[in-house]
Number of protein chains: 2
Amino acid sequence: MKNSHVTQDTDPLLYDGHKRYHPGLSVDCVIFGFHDNQLKVLLLKMSHTDQRWALPGGFVLKDEDVESAAHHVLQSRTGLDNIFLRQFYLFGEVERSDRELNRKMLQGRGVDPHEDHWLLQRFITIGYYALVDFTKALPRPDELSDACDWWDFHNLPPLMMDHARILQKALEALRQQLNREPIGYNLLPEKFTMPELQKLYETILGKTLDRRNFQRKMLAYGILERLNERRSGGAHKAPYLYRFDLASYHKALEEGFSGGW
Amino acid sequence: MKNSHVTQDTDPLLYDGHKRYHPGLSVDCVIFGFHDNQLKVLLLKMSHTDQRWALPGGFVLKDEDVESAAHHVLQSRTGLDNIFLRQFYLFGEVERSDRELNRKMLQGRGVDPHEDHWLLQRFITIGYYALVDFTKALPRPDELSDACDWWDFHNLPPLMMDHARILQKALEALRQQLNREPIGYNLLPEKFTMPELQKLYETILGKTLDRRNFQRKMLAYGILERLNERRSGGAHKAPYLYRFDLASYHKALEEGFSGGW
DNA sequence: CCAAAAGTGTTGCTAATACACCCATGT
DNA sequence: ACATGGGTGTATTAGCAACACTTTTGG
């Protein structure tokens, strides 16, 4: 693992990032998880920004693929490798850069930047969304932030710059790809119940679905394997546990699932 | 209209592009048209590149939105304004840049670049696809190319760098958005026949569709207006002309059209 | 024993598919 | 007149939505 990212050994990079990074380009990751029947995203509380939160992000080394930089961000914020990751949009408006905010953050770290400091230039950012197993991620703040926490997607704190818009776009992408990508598989733990899977779909789609029709349709895809276990401990009838059948899942994804929700 | 783009007044820019453009970033446009029942793309024959063709592209001014740069490319290659344009993918691999090719192109124009010339750096490129009315576009080469022509998407010439991959990705995006974006409306002339519309769909989807079911489904959307004209001159029965009913079209698009093809 | 959640089943409708038939036109 | 493509119609089927009943569990 390289240790030349801004997330480690930061301060020298605040000065000479222009030598290492592809100029004017950042990567922001919307890291989705699912827990307590809520769609979650991982956010960082940025230091010296008036309690604003931000998406985990980073820069792209000059000799590094952009996607690889996104994987680095993922790895350093969650400790996870081999994460499901999809590019979804490039945010390229001029006015999305916030020179004053960056100046404040630099000054907060004791750096008084000259006017053409690399971090005060205009930046475009490429958005990636990631799907992780909430139970396996170990959130860690980076050197520019005080905290790293999961937030309910539908109840977010104040965000930096255009990060609220980036999150919105990420959800739209997720919705559109619900039938093309293994979204359930990547967001849920290995074993899960049908109601859990349904809640996940409902949360992403923003609407409720009929319990019985949902189950029938899901099972009809032939990608789920019902286990001889139930989730007990709930207040009511114990639901069965399911597991994705990987072979048929990937085969089905090649075609995309039929029908919409 | 700005005249500071590489497509005009080029040679000075070959030297001092680094002062004007966002560094290491280009924009490439896949400009789709439809003619003679073929899906067409507009390509440039690049000078000094061994007869290779390329997507129309350009750079992004330091104070210009990325999307606006894409519109400039469109305008300068086709003469058209207010074009339907959608971002579809950022190509960010390190090895997509071809330093030697760029060196050749510069030398072909009489420039012998030093090693850190701005055009020899690594570039990432953001792909946009555009939908234009073939009959209204006026293809014009830029200063780096000898020709600008429409090509059948399914019968392309040798392409530069990773442009074949970019085209492939553009088609995939087009397919996925066929039911979400006004693709027929932007690719066809104002009046068109049902068989023409069907061929367009078939070409994009890469499969044939049943003539009668296609017509029924299309009409069921309620977005087409049948005119009291027919297209005569064909060798057989003259088909009706249709026109999109804009009001209902845009309303329908908000929901996306039901069902797939 | 009851409320609440989960498992299972049925019905009716809509929409996609797979066809057949007639009409118009240029050769 | 006929081959070809275009306009219109119909039967069948598959998938989806709406809804009812039974079972299990903790309190």
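Just so it is clear, the model here is predicted, and its values are computed rather than measured.
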Q) Just the endpoints, please: which first and last nucleotides of DNA chain C, 5' to 3', lie under 4.0 Å from a heavy atom of chain A? A)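 First-to-last contact on DNA chain C, by the 4.0 Å heavy-atom rule, is C/dA4 to C/dT10.
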
Q. Hey, do the aromatic rings of A/F244 and A/F192 have their centres closer than 6.0 Å?
A.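 Yes, the ring of A/F244 comes within the 6.0 Å limit of the ring of A/F192, centre to centre.
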
**Q.** Check: A/F84 ring centroid to A/Y185 ring centroid under 6.0 Å
**A.** no

So, [X] and [Y], do they make that salt bridge, N to O below 4.0 Å?
X: B/K45; Y: B/D146; result: no
X: B/R212; Y: B/D210; result: yes
X: A/K207; Y: A/E202; result: no

Q: Could you check which residues of residues 189-206 of chain A get a heavy atom under 4.0 Å from DNA chain C? Sort them by number, please.
A: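 Contacts with DNA chain C under 4.0 Å: A/P195.
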
Could you check how far [atom1] of [X] sits from [atom2] of [N], rounded to whole Å?
X: B/N37; N: D/dG5; atom1: CG; atom2: P; answer: 11 Å
X: B/R231; N: D/dT4; atom1: CZ; atom2: P; answer: 22 Å
X: B/R212; N: D/dG6; atom1: CZ; atom2: P; answer: 12 Å

Q: Could you tell me whether B/D81 atom CG has more than 12 heavy atoms of other residues or ligands within 6.0 Å of it?
A: yes

(Q) Does B/K199, at its NZ atom, have more than 12 non-hydrogen atoms belonging to other residues, nucleotides or ligands within less than 6.0 Å? (A)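 No, the 6.0 Å shell around NZ holds no more than 12 heavy atoms from other groups.
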
Q: Please list, chain by chain and in numerical order, all residues satisfying side-chain contact (heavy atoms from CB on, under 4.5 Å) with B/H35, sequence neighbours excluded.
A: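 Only B/K40, B/F134 meet the side-chain contact (heavy atoms from CB on, under 4.5 Å) criterion with B/H35.
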
Q. Of A/R216 and B/D210, whose nearest nucleotide on DNA chain D comes first from the 5' end?
A. B/D210

Q.
What contact category does A/R226 fall into here, base, sugar-phosphate, or nothing, at under 4.0 angstrom with non-hydrogen atoms?
A.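 Sugar-phosphate, no base atom in range.
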
(Q) Using a 3.5 Å distance criterion without hydrogens, assess whether the side chain of B/D133 forms a donor-acceptor pair with backbone atoms of B/T135. (A) yes

Q | Pairwise ring-ring contact (aromatic ring centres under 6.0 Å, His included) hits with a residue in residues 195-216 of chain B, at least two apart | A | B/Y201-B/F214, B/Y201-B/W261, B/F214-B/W261

Q | Residue list, ring pair (Phe, Tyr, Trp, His ring centres under 6.0 Å) with B/F32, at least two apart or on another chain | A |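 Applying ring pair (Phe, Tyr, Trp, His ring centres under 6.0 Å) to B/F32 gives B/F153.
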
Below 3.5 Å is the cut-off: list the nitrogen or oxygen pairs between protein and nucleotides 23-27 of chain D, distance only.
| residue | atom | partner | partner atom | Å |
| --- | --- | --- | --- | --- |
| D/dT23 | O2 | A/K237 | NZ | 3.3 |
| D/dG26 | O4' | A/A235 | O | 2.9 |

